Asks: 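Take a look at the following structure, please.
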Amino acid sequence: MRNNDIHRNRKGLTALLAVILAVVVLLPAYGSRPDEDTRRKSDYIYMEALRQNALGNAAAYYTLLERASRLNPDETSMSSDLGFYDIAFFGKTDSLLAVNGLARMKDHFDASPEDYFSSLSYGSLVSRLGDMKEAVRVWSKLDSLFPDKHDVALNLAQSLAMMGDSASIVKSISVFDRLERKLGHSLMISGNRANAYLVIGDTVSAIKQMTDLARETPGDITALLATGDLYMAMQRTDSALVFYDLACAIDSTSGPAFYKRASYYQTVGDTARYENEIMTALQKDNLELDVKLELMRVFLVDIYQDSVRRPQIEQLFGMLIDAHPHEVEVHKLYASYLVALKDFAGAAEQQSYALDIDPSKIEEWMGLFSLYATAGDYKKQLETGLAALHYFPDDPQANWYTAIAYLQNDDYKSGITQAQKALDIALATDSTNLQLLSDITCTIGDAYYKENKTDSAFVYYEKSLVYNPDNMLALNNCAYYLACEDRDLDRAEEMSARVIAHDPDSPTSLDTYAWVLFKKHEYKTALDFIEKALELEDEPSAELYHHAGDIYFMTGKREKALENWKEALKLEPDNDLLKRKIKHKAFFYE
């Protein structure tokens, strides 16, 4: 017996390259037939290979299997197992191995089709690859050898139907008939058979299959819904609605039934009935919550961008929350909708309600933290970080996020302390997470710079880049502050250029690069980058306007300089340096 792990792998195969279907490669000749001792040795190695596979030692299994197959190439079962392994684990990257693997499996099937599990795997593989001619050959042979295996007959019927020609489809229908005589009426058989009839244009027989099933299985709403779907496929919408209505009447708690009927109204363009169906379903006490949420998601996808409909959506969410005030998923869905509208403050409020109900997931706290940060509510951002630490005091990310919040609230000393704690925890518990270590040390560098401790800042930026040389935030910030300090400008330009290459449309990165070039007195080139930054930034900061004004001034564009300085002063009205520049219409360093 082969190990169950192999069978699970076979079931999980995805479609391989089409070249597998188009090329037949013969296995290499291995010389003369092995003697009895060699065959026994091969059998022993094969048994050991199976034992290693059972223990989960995939590498040893493959090595031993390959050795056993080489010793006795006449034993096609080993060769087939080796071929399957090659396809499953190397087929996506090595098409030749995949082609040879398929050839090995085919050889074993031709030699020993009675090896049921290997043959089943080969048939499943060629079916998934879309080689229906070979699939029909395999399933036909297996069907003759194992007439009581219903899964084989079903695969044969489905493969015949997929051939597409009338003769094959007629054969397919006869196999479905045989299955039904053995197993009785079922949606699987009737549905497949109805589709086969549709392919050859026999709509009367297709409808009869489904209506007979509905009659034979009274109260089975899946059969009713499938019959409705068949009528929809045939564009007989009135008949489809009859079956959807009947399903809803039989089971008023069935989510699929309400979903199908709502989708029906949407398909036929009856917007009012579609929306009424959604609202009715959301108000049903006996309809499961997950069904309501799915209906709501579908509804939102259709209309969330329609600003006229937003009051109606708000009403629906109000109904959901009134009916299920303590359900986390309701508040999370509402938050997702508000994020799509870029109402980050509203989304944060709903996310906070969800966390009041269930505070046990750190990722949900980090999501709330990010929402407050995006909304610009730094006080709430800090409150969220501190609340998260109450539940997760030893989580390095929670400590790091809280440190960031301190910095956003201009409490740099607390930010350094909190970030240092995050770093200590990360080093003690997850020292291999170099990205996190790099991010935390970058934050410490930012905090030290804000504290005017520039030497310490650059020490931590260097640490950040040792942990992760491609930390774009560390590269950008270090380059910017080097420029501000007029230190090592060539290195600052190199660092900033790497960031620009990584993300050429980031206004912040473009501003940094322009400022480095400004400090190097390369004013014309700096102008190109600062103008691109202004073009890409929807809401330029005071700093960006200020830099633009300085660069415009140095390139002789005095009016543009004055215009940008004034914009910067609107955002930063207490900036004395800006006031001097505007008053004297001139550039000042300090």
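Just so it is clear, the model here is predicted, and its values are computed rather than measured. Side chains are part of it too, since the values below use all heavy atoms of this structure and drop only hydrogens, waters and symmetry mates.
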Asks: A side-chain contact here means heavy atoms from C-beta on lying under 4.5 Å apart; do R297 and Y337 qualify?
Replies: no
Asks: Decide, yes or no, whether a salt bridge links E75 with R39 under the criterion of side-chain N to carboxylate O below 4.0 Å.
Replies: no
Asks: Would you check if there is a donor-acceptor pair between the side chains of Y265 and R273 at a distance under 3.5 Å?
Replies: yes
Asks: Is atom NZ of K182 surrounded by more than 12 heavy atoms (other residues, nucleotides or ligands) closer than 6.0 Å?
Replies: yes
Asks: Are any non-hydrogen side-chain atoms of Y197 and T203 less than 4.5 angstrom apart?
Replies: no
Asks: Taking S172 for its side chain and S168 for its backbone only, find out whether a donor-acceptor pair lies under 3.5 Å.
Replies: no
Asks: Once you measure the plane-to-plane angle for F369 and Y401, does it fall in the parallel (<30°), tilted (30-60°) or perpendicular (>60°) bin?
Replies: tilted
Asks: Checking side-chain contact (heavy atoms from CB on, under 4.5 Å) for the pair L55/R51: CA distance, chi angles, key distance, verdict?
Replies: CA-CA 6 Å; L55 294 173; R51 190 179 76 85; 3.5 Å; yes
Asks: Looking at D43 and R40, is any side-chain nitrogen of the basic one under 4.0 Å from a carboxylate oxygen of the acidic one?
Replies: no
Asks: So, does S352 use its side chain to make a donor-acceptor pair with the main chain of E349 at under 3.5 Å?
Replies: yes
Asks: Can you check whether S77's main-chain N or O pairs, donor with acceptor, with S80's side chain at less than 3.5 Å?
Replies: no
Asks: Side chains of N72 and Y46: do they bring a donor and an acceptor to under 3.5 Å?
Replies: no
Asks: Is the backbone N or O of G191 less than 3.5 Å from a side-chain atom of Q209, with the two atoms forming a donor-acceptor pair by type?
Replies: no
Asks: Do S140 and L156 make a side-chain contact, defined as non-hydrogen atoms from C-beta onward lying under 4.5 Å apart?
Replies: yes
Asks: Hey, is R215 close enough to D212 for a salt bridge, meaning N to O under 4.0 Å?
Replies: yes
Asks: Determine, using ring centers only, whether Y274 and Y264 are less than 6.0 Å apart.
Replies: no
Asks: Are R137 and D110 close enough for a salt bridge, meaning some N to O gap below 4.0 Å?
Replies: yes
Asks: If only side-chain N and O atoms count, and only distance matters, is there a donor-acceptor pair under 3.5 Å linking D115 with S118?
Replies: yes
Asks: Under a 3.5 Å distance rule, please check whether S42 uses its side chain to pair with a backbone N or O of T38 as donor and acceptor.
Replies: no
Asks: Judged by atom type as modelled, is there a donor-acceptor pair below 3.5 Å linking the side chain of N192 to the main-chain atoms of M188?
Replies: yes
Asks: Salt bridge or not for D143 and K149, using N-O below 4.0 Å?
Replies: no
Asks: Are the charged groups of K106 and E134 less than 4.0 angstrom apart, N to O?
Replies: no
Asks: With a 4.5 Å limit on heavy-atom distance, are the side chains of S190 and E180 in contact?
Replies: yes
Asks: Relative to the ring of Y122, is the ring of F109 parallel (under 30°), tilted (30 to 60°) or perpendicular (over 60°)?
Replies: tilted
Asks: Is it the case that atom CD in Q235 sees more than 12 heavy atoms from other parts of the structure closer than 6.0 Å?
Replies: no
Asks: Going by atom types only, do H108 and T76 share a side-chain donor-acceptor pair under 3.5 Å?
Replies: yes
Asks: Counting distance only, does the side-chain N/O of T211 pair as donor-acceptor with the main-chain N or O of K208 below 3.5 Å?
Replies: yes
Asks: Do you see a donor-acceptor pair shorter than 3.5 Å between the side chains of Y62 and D86?
Replies: yes
Asks: Does the side chain of I45 come within less than 4.5 Å of L71's, by heavy atoms?
Replies: yes
Asks: Just so I know, are the side chains of F243 and L225 near enough to count as touching, which here means a heavy-atom distance under 4.5 Å?
Replies: no
Asks: Check this for me: Y44, atom OH, are more than 12 non-hydrogen atoms of other residues, nucleotides or ligands nearer than 6.0 Å?
Replies: no
